[in-house]
Amino acid sequence: MMRSIFKDHTSFSFLQKVFFIFSIALFISNISAQQNPSIQIPQSLELLFESYCFHCHDEDSEKGDLNLEKIPMLIRNSTDALHWQDILDSLNTGDMPPPEKKQPPRKLLMQVIGELTDTLFEARQKLMDNQGLATMRRLNKREYVATIKNLMGVRIDPVHVPDDTGNSIDTVGREQNFYARHLESYFELAKNIVKMSLDWAQQPRTTPHKIRQEGETGFNVVRKTAQTVGKLFAMKENGKTLQEMGLNKSDKKLLDGLMDGIVMSRYEYMNRVDPEILKTGLLVSNVNGVQYLTLKFPSDARAHYKLHIMGGLVGEPKIRKFARVNMKGALRSGTDSKHIATVELSGSPKAPELKTLTYFPEYKPGMMVLDQHQDQLEFREDWAVQKPNSDAFVAHAKRVEPDGAQEVIFFDWIEVEGPFYEPKSPFEKLVDDWSSFIHTNKQHDETTHQSKVKVFLEKFAKHAFRQAPISQELIQQLLNLYQQSRKSGQDFTDAIIEPLAILLTSPSFLYLQDIELENPDIEVDINFANRLAYFLWSSPADSQLIKLAKQGKLKNKQILTREVDRMLFDYRADNFYQGFIEQWLNLKRFDEVELNLGEFPLFSPGLKASARKEPIEFYKQLVRENLGLSHWIDSDFVVVDGILARHYELDHHPGNGFQKTPLPDKSFRGGLMGQAAFLMTGTMGDRTSPVIRGALIKELLLNSPSAPPPPNVPELDVSKEAGHFPSVRTLVELHQKKPQCASCHIKMDQIGLGMENFDAMGMWRNKETVIGHKNIQVRGKDRKQKVEQHYPIVASGHLNNGQNFSDLKELKSLLLNEREKLATSILETLLVYALGRELSFLDRGTVEQIISDLKSPILGKNDKHNAFHARRMIHKVIQSPLFQKSVSSRS
Amino acid sequence: MNIQTDPILRRSILKYGRYSMALPFLWSHVNHNQPLVANSKASTKKTPIRLLWMTPGHGHMEDHFYPKEAGDLKRIGLPSGLAPLKKHLQKFTMIGQLSNNKNRQPHDGSEALLTCADVLGFPGKPRHNSVSCDTLAAMHLGQHTRYSSITLNNSENNNGHGGVAISYKMDGHPITGYHNPLEVYRLIFGGGISQSEQLHLLNKKKSILDIMQVSAIHNKAYLSQNDRQKLEEYFHSVRDIELSLQHEKKWVHTPKPKADFEAPSATLYGEDEIKFMFKMMMTSFQTDSTRVITYRMPDKALLKSIGISEVPHTLSHYGRLERLHDLNFQRTTKWAELISYLIDLMKTTPDPLDPEQGSIYDNTIAYFGGGLRTAHQNKNVPVILFGGGIKNLKHGRHRIAKKENTPLANLWLRMLKEAGVPVQTFADSTGTLDDLLT
């Protein structure tokens, strides 16, 4: 340990050294203090025991072998914790005190359960404390994909990478497992990646060009069959026989089939739509007729593209303004077409307008140059394609747009522009350098051949292992394997696959670890550079960072600040914005949300994708502008695209993707509590869930996560009291009648009720409509009749500290007073994400220090959010000794 | 070595168990265990009992699944969601009042189901599990079969199961098994290559593993103590695969059975996927490829394939929502339909190992249930037992254990004993349900 201490701080400033030594001292003294972490059991328990439990469970009676007098009122270890967990369980299930005995008053029971739950929750965390040590971790999915792109030059679909396990942030090594199954999956994956990358690396790069699909020609084939069928149909209508139609008897079935199928609907389509429009483009609708326009183009696994859509709308639809782009074809993953983007169209068929978006294709590992034509993009309307969901949408659209045409989405043309490349990856450069050898490898004599391959392997390993050294023994064994394959007749490009795949499966690649170099000064900085790059890019350090590290300049505060800013504005930082926010907000939970389209016809794949992206884009905006994090509580702007602007009833410049959009003065929409993804996560079975919403706000904005729900709490039958079609508020309030429920729920539900003005899909409402069915008799038969009940929204509630609010606006101002808690919530998650470990009690000082530093306003900024600046927090994390010191102290 | 008493058993299992369990290996498709007792010829005489454990994770609504009282199912009638099982009324047994008492998890339907362990625990470490009963069964029943057990899984997240597997090795590591029907097909029937090719491939794999080991050893040299421990997982994986390669080498001269049906398409999903897995189970038993199977069933995919877009967890919070009640009913009915289909399949699949020409049904003990009763209740869990493997058990009844929360481990112990596995206790077991299952 001593060695690494001295090595680590060689480049630190004097103050840092002092701080560092101080923190070591603190560390050691804390360890001894931590050996017996003991947590006091709340006093309310003693009160309860005294009056309601000791009667049976004291030293004399010891019913059920339980003597509560003997149990220490402390949690020092897991045995204590388990005892208290048992006690909590029997209180929760209502088993104790037994029904025939005297029962504690509701208020006391609530207090006891609530306090004991929190105490045990805290004890659990304390007992799990990692004493500030990080465990080496394996690349998570996001990092694996980014690292491969960086190293090999190809972009693969993350679904093929082994799943991240664990219940924590995906950078936490302690939570990760590694089994034989992982090893084999990583090796199979690596073989495919090597094969693919080798193939693409030898393919020359193409100059960007455009491939256009005109709407009117996209329809040609369809048009012909439709016309033919149309003619036949007309002849049949006029009573012509099969013979007169020029058909055989056997064609009758075929003809009948065509008559009521898609071809017929296209015939009708052609009769329905304005032929002038079809001369210049194509109208599509999800209902029938023509549903989409397809664009085929050779796609390059190394590149990204721009998609241009020249389109317009027929009439002025209020909701049917969105085109969706799907990836279809053999190279996508899974059987469904994959959602790429949703674009708001504007203009008209006569005056179409251009929309442009960037497209980063993700491919099945193993996609070869030959496969590049197997993919295609599909452009269509954005809402459910299948019945009965499409029917619900159509019915809804008819209500909102009574005069709307059946087809409103017009494509003049669609175009792909590209390929656009990033600078060549180390592997691509290596293959370039070896290209003449690769072409002539069979002609070389054995010694030259061997040495060439050896150097190739060494160079590759250096990049794959992120500058870590590689042993000669390993290289020799890889060479042997290579030779074996060559002897069986394979040439370089085949024989090299397995050796390279082994390197990509070895711990030095799969695990992020501190490396050891000959020169310890450089070593510390290189490790730091990689750690930094994995934090902000989920990728290895680029050449600039490596260069600065080798020059020993990276830890210079000015240079570091400049570099971090550069990184945060780089496209690779999207990995951070997404990886961090989706875990802070637990967006995986949002992914599971499915609303019933019968009730929520606007819940489309496009809306869901945009809603998921909104908080990520919002945070990116806060970081890039270095705005106060309290914008998460309330904000006078949102960062939305067209489909969210429609959802939030805002004016928005259509078609330009996500942009900062100011909110009208009295809008409630600003901040997390107005974001659709958050609000939709806070639903249960198509109704709002103040429970989930409140629990999330308590955790995210007040930094007070709730203990997980206990099992076996008896179901509450509220049917009698609740009436037939109760409002959500009524149900929540009845739920709180039972002390076992109220003990925890009152803390979350009361906050959640403040958001009742947003319905299950996150749309604004002034009343809650409850739809149910009641049984009625129609001519002696039982029938179900639909009933709609309306309740005005009451959005009042209170915080746990007793402060009341009457609506969302007041709730927000209460939360703003506590914005330090929000900042701590983000900071702590950020630290876990950056350090790759859960926070220890030893880190409390650092957290408090950073929070206190961040309180100060920035000169020149002049708004109510002038503290806890988003970018500043990231800088502070990176500058903190926790992040700067080695991930794991070596022995 | 004859194992009779519990302590010896535990010790020998630990001794063998440490390195004996192997995870499935894509290259070799091998699941193997070290035998629990030395090879004996005794087991060839009687028809072997096959064990089958299946769970969809989440439970069912009271009215749809659970009979109101104990007794003859014919008399008390089947709950509404089990209607599809009506034609097999005399072919299955339901049991009430069994609980997985150590299990505290209200959300994870199968993580602790077959281990009866306290997965959450409190001992200051992340989730941990212990050995599952099928692993014990595999160690004994797997001596003469190519695979000591076959573990079927699903690949979905948030599927109501919790964890990543229902089968666990001696050290509590999950056996994630197979979730792809095509993989299972190849596992049983092989990939159509010759013996010498296969040997060549095995040797090649061995040398690749050796290099991986070298790379890990080299890497270990410059890691901290803490990280070296983490790297042990890597070494462990390499060793696991090595053992399964050795095992496969032993079997390389025994040809795999010939397939009499075609390989499944890659798009098999939900209901079709489950039905195909049932078919593979039958084939596995029939060809004596294994005698122990577990199946962590894809509930989420099943729902999707029958047009329900809600995930299992959403359905479990049915509360008073009629619409969700209806979807739950559809779900339970579909599962009952599938179990009914499986019973048909078992009855019509002849058992070649049975001298009396019985069917697979006659010689199997099959369990369908889970660790959650309804919503987030984990007491009094659902149990359906079928197959003729439990001696003298008369099917067609709903049996309720006398004591509330009788350990579920008692049922596992009973199943193990019926199959001839020499164990005396399992997890928190207190008996073998002798008064209940007669």
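Letters go in sequence order (proteins before strands), and every chain restarts at 1. The basis for the numbers below is simple: all heavy atoms, side chains too, and nothing from hydrogens, waters or symmetry mates.
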Trainee: In Å, rounded to the nearest 0.5 Å, how long is the span from NE2 of B/H236 to CG of A/N177?
Mentor: 11.5 Å
Trainee: So which heavy atom on B/K204 is nearest to which on A/S485, and how close?
Mentor: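 Result for this residue pair: NZ-OG, 3.9 Å.
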Trainee: Hey, could you give me the CD/CD1 distance between A/Q477 and B/I208, rounded to the nearest 0.5 Å?
Mentor: 12.0 Å
Trainee: Contact part of A/R687 toward chain B, heavy-atom cut-off under 4.5 Å: side chain, backbone, both or neither?
Mentor: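 Side chain only.
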Trainee: Any carboxylate oxygen within less than 4.0 angstrom of a Lys/Arg side-chain nitrogen, looking at A/E592 and B/K300?
Mentor: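 Salt bridge between A/E592 and B/K300, a charged N being under 4.0 Å from a carboxylate O: yes.
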Trainee: Which distance, rounded to the nearest 0.5 Å, do you find between the CG of A/D686 and the CZ of B/R323?
Mentor: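 If I round to the nearest 0.5 Å, the distance is 4.0 Å.
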Trainee: At a 4.5 Å cut-off on heavy atoms, which part of A/L481 comes close to chain B: side chain, backbone, both, or neither?
Mentor: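 The answer is the side chain of A/L481.
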Trainee: Which region of B/I211, side chain (C-beta onward) or backbone (N, CA, C, O), has a non-hydrogen atom less than 4.5 Å from a non-hydrogen atom of chain A, or is it both or neither?
Mentor: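 The answer is both parts of B/I211.
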Trainee: Nearest heavy-atom pair of B/S207 and A/Q484: which atoms, and what distance?
Mentor: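 Here B/S207 and A/Q484 meet closest at OG-OE1, 4.4 Å.
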Trainee: Nearest 0.5 angstrom please: A/I470 CD1 to B/H218 NE2, how far?
Mentor: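 Output value for this atom pair is 7.0 Å.
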Trainee: How many angstroms lie between CG in B/D210 and CG in A/N480, if you round to the nearest 0.5 Å?
Mentor: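 The distance works out to 11.5 Å.
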Trainee: Do A/S508 and B/S215 come within less than 4.5 Å of each other through their side chains, counting heavy atoms only?
Mentor: no
Trainee: Can you check whether A/M136's main-chain N or O pairs, donor with acceptor, with B/D227's side chain at less than 3.5 Å?
Mentor: yes
Trainee: Who wins among B/V311, B/T314, B/N378 for the most heavy-atom pairs under 4.5 Å with chain A?
Mentor: B/N378
Trainee: Under 4.5 Å, counting heavy-atom pairs only, tell me which of B/H317, B/R373, B/E233, B/H313 racks up the most with chain A.
Mentor: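 Max contact count across the listed options: B/E233.
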Trainee: What pair of heavy atoms forms the shortest contact from B/Y234 to A/S506, and how long is it?
Mentor: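 Answer, listing the atom of B/Y234 first, then A/S506: OH-CA, 3.6 Å.
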Trainee: Could you report the tightest heavy-atom contact between A/E594 and B/S309, atom names first, then the distance?
Mentor: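 Taking every non-hydrogen atom into account, CG-O, 3.3 Å.
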Trainee: Under 3.5 Å, is there a donor on one side chain and an acceptor on the other for A/Q513 and B/N219?
Mentor: yes
Trainee: Going from CG on A/D514 to CG on B/L223, what distance comes out if it is rounded to the nearest 0.5 angstrom?
Mentor: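 Reported to 0.5 Å precision, the distance equals 9.5 Å.
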Trainee: Is the NE2 atom of A/H83 crowded by more than 12 outside heavy atoms at less than 6.0 Å?
Mentor: no
Trainee: Side chain, backbone, both or neither: which part of A/Y511 has a non-hydrogen atom closer than 4.5 Å to chain B?
Mentor: side chain
Trainee: Could you tell me whether a side-chain N or O of A/R181 sits under 3.5 Å from a main-chain N or O of B/T176, the two making a donor and an acceptor?
Mentor: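 The answer is no, because no donor-acceptor pair under 3.5 Å joins these two groups.
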Trainee: For chain B, which of A/N596, A/L478, A/L597 has the most heavy-atom pairs under 4.5 Å?
Mentor: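 Max contact count across the listed options: A/N596.
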Trainee: Does the B/K230 side chain pair with the main chain of A/Q176, one donor and one acceptor, at a distance under 3.5 Å?
Mentor: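 Such a contact is found between B/K230 side chain and A/Q176 backbone.
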